[in-house]
Amino acid sequence: MKFLVCISNVPDTTTKIAFTPDNKEFNKAGVQFVINPWDEYALTRAIELKEAQGSGTVTVLNVGEADTEPNIRKALAIGADDAIRVNAAPKDAYFVAQQIAAVAKEGAYDVILMGKESIDYNGFQVHGMVGEMLGIPTVAPAMKLDMSGSTATLEREIEGGKEIVEVSAPFVASCQQPMCEPRIPNMRGIMTARTKPLKVVEAVGEGARTSVAEYALPPKKQGVKLIPAESAGDLIKLLRNEAKVI
């Protein structure tokens with residue numbers, strides 16, 4: 001069984017967000033980047049399934065420039081066998097999906113996994129596009145994934161409950177908690193990751209279909225007004241006239 005796990009390089013959740021002077025790009029200066037947390041569920045589960053089967057491979061795929069390689073190496077340290085980096089900035093969801101589909105088709109992968117979305121843009125788009133481009137089923141978002149031979153059983157959330165889905169490989173699935181407990185690289189993994197193959201390929205297909213007109217930060221939070229308990233009338237006036245919630 002050949003697993004392809006797609007990972008994104010995203011700012012750490014504690015990052016203070018800032019943009020370039022023209023407000024068209026994220027300012028990367030001084031920012032710590034990490035593997036997208038949702039993608040870590042996909043990666044760990046693929047490794048677990050490979051180990052349970054006693055055979056197979058887990059390949060990590062990233063669409064990004066050279067500065068993403070430290071986190072690709074981290075994914076290799078966690079347990080992936082090899083990695084592929086598409087040498088291009090991830091311009092939009094369609095562009096990224098094209099690159100994933102091209103690699104998946106060339107490598108004839110059985111299972112393509114990724115997080116349900118990246119925590120920077122929260123698009124929830126790529127997995128569906130990849131499945132459509134390859135003409136194979138997509139299950140999203142999966143909370144549980146088990147394999148029996150070439151048949152997968154997945155559990156996903158639906159409104160008001162859960163749905164159990166069976167699908168035969170090849171397929172695409174996006175992952176979320178509580179699929180597994182994401183692994184942390186150990187010292188042996190960190191050492192072996194240095195010698196694992198990392199192949200760099202150039203982008204294919206069309207360019208991005210969308211572009212950013214402008215980024216904007218949300219309005220700053222205003223100060224809190226404390227109203228004495230005996231002044232309930234003043235509170236009601238503020239809620240009606242200023243907050244406009246009643």
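What you see is a predicted model, and the numbers here were worked out from it, not measured in a lab.
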Flag the pair [X] / [Y] as yes when at least one side-chain heavy-atom distance between them is below 4.5 Å, and no otherwise.
X: Phe33; Y: Asn71; value: yes
X: Leu145; Y: Leu113; value: yes
X: Thr44; Y: Met179; value: no
X: Met143; Y: Pro178; value: yes
X: Phe171; Y: Val111; value: yes
X: Val10; Y: Pro37; value: yes
X: Asp120; Y: Pro11; value: yes

State the [atom1]-[atom2] distance between [X] and [Y], to the nearest 0.5 angstrom.
X: Lys105; Y: Ile100; atom1: NZ; atom2: CD1; result: 15.5 Å
X: Leu198; Y: Arg85; atom1: CG; atom2: CZ; result: 7.5 Å
X: Glu40; Y: Gln177; atom1: CD; atom2: CD; result: 12.0 Å
X: Asp92; Y: Tyr121; atom1: CG; atom2: OH; result: 10.5 Å
X: Ser118; Y: Trp38; atom1: OG; atom2: CH2; result: 11.5 Å
X: Ser174; Y: Phe124; atom1: OG; atom2: CZ; result: 5.0 Å

Below 3.5 Å, can you tabulate the donor-acceptor pairs from side chains in residues 125-136 to any protein atom, sequence neighbours excluded?
none

key: salt bridge (Lys or Arg N to Asp or Glu O under 4.0 Å) contacts touching residues 140-157 (sequence neighbours left out)   = Arg45-Asp146, Glu155-Lys162, Arg156-Glu163
message = Applying salt bridge (Lys or Arg N to Asp or Glu O under 4.0 Å) as the test, list every pair that has at least one member in residues 21-36; sequence neighbours left out.
response = Lys28-Asp67
Between [X] and [Y], which heavy-atom pair has the shortest distance, and what is it?
X: Ser168; Y: Thr151; value: OG-OG1, 4.0 Å
X: Leu154; Y: Ala142; value: CD2-CB, 3.8 Å
X: Ala193; Y: Ala77; value: CB-N, 3.6 Å
X: Pro228; Y: Leu226; value: CD-O, 3.9 Å
X: Asp12; Y: Thr14; value: OD2-OG1, 2.5 Å
X: Pro182; Y: Cys180; value: CD-O, 3.4 Å

When you measure from the side chain of [X] to the backbone of [Y], do you find a donor-acceptor pair of N or O atoms at a distance under 3.5 Å?
X: Lys50; Y: Val58; answer: no
X: Asn27; Y: Thr20; answer: no
X: Asp82; Y: Pro197; answer: no
X: Asn36; Y: Glu117; answer: yes
X: Asp39; Y: Gly115; answer: yes
X: Gln98; Y: Glu206; answer: yes
X: Lys196; Y: Ala80; answer: yes

Any residue meeting side-chain hydrogen bond (donor to acceptor under 3.5 Å, both in side chains) with [X], in chain and number order, not counting sequence neighbours:
X: Ser8; value: none
X: Thr15; value: none
X: Gln53; value: none
X: Glu106; value: none

key: Cluster companions of Leu239 among Ile, Leu, Val, Met, Phe, Trp, Tyr (side-chain spacing under 4.5 Å)   = Ile227, Leu235, Ile236, Leu238, Val245, Ile246
key: Remaining members of the apolar cluster that contains Met191, side-chain heavy atoms under 4.5 Å   = Met187
Identify whether [X] and [Y] are in the same connected component of the hydrophobic contact network (ILVMFWY, side-chain heavy atoms under 4.5 Å).
X: Val167; Y: Ile164; answer: no
X: Ile78; Y: Leu49; answer: yes
X: Ile84; Y: Val5; answer: no
X: Met1; Y: Val103; answer: no
X: Leu4; Y: Met114; answer: yes

key: Within 6.0 Å of CD in Gln32, more than 12 heavy atoms from elsewhere   = no
Other residues, nucleotides, ligands: >12 heavy atoms within 6.0 Å of Ile190 CD1 = yes
task = Using the test ring-ring contact (aromatic ring centres under 6.0 Å, His included), find all partners of Tyr215 that sit at least two apart in sequence or belong to another chain.
result = Phe19
message = Does Gln176 form a side-chain hydrogen bond (donor to acceptor under 3.5 Å, both in side chains) with Tyr41? I'd like the steps, not just the answer.
response = CA-CA 6 Å; Gln176 69 171 43; Tyr41 289 100; over 6 Å; no
message = Going by side chain to side chain contact (heavy atoms under 4.5 Å, CB included), name the residues that satisfy it together with Gln99, two or more places apart in sequence or in a different chain.
response = Val63, Val86, Phe95, Ala203, Val204
query = By salt bridge (charged side-chain N to carboxylate O under 4.0 Å, His left out), which residues pair with Asp234, not counting sequence neighbours?
reply = none
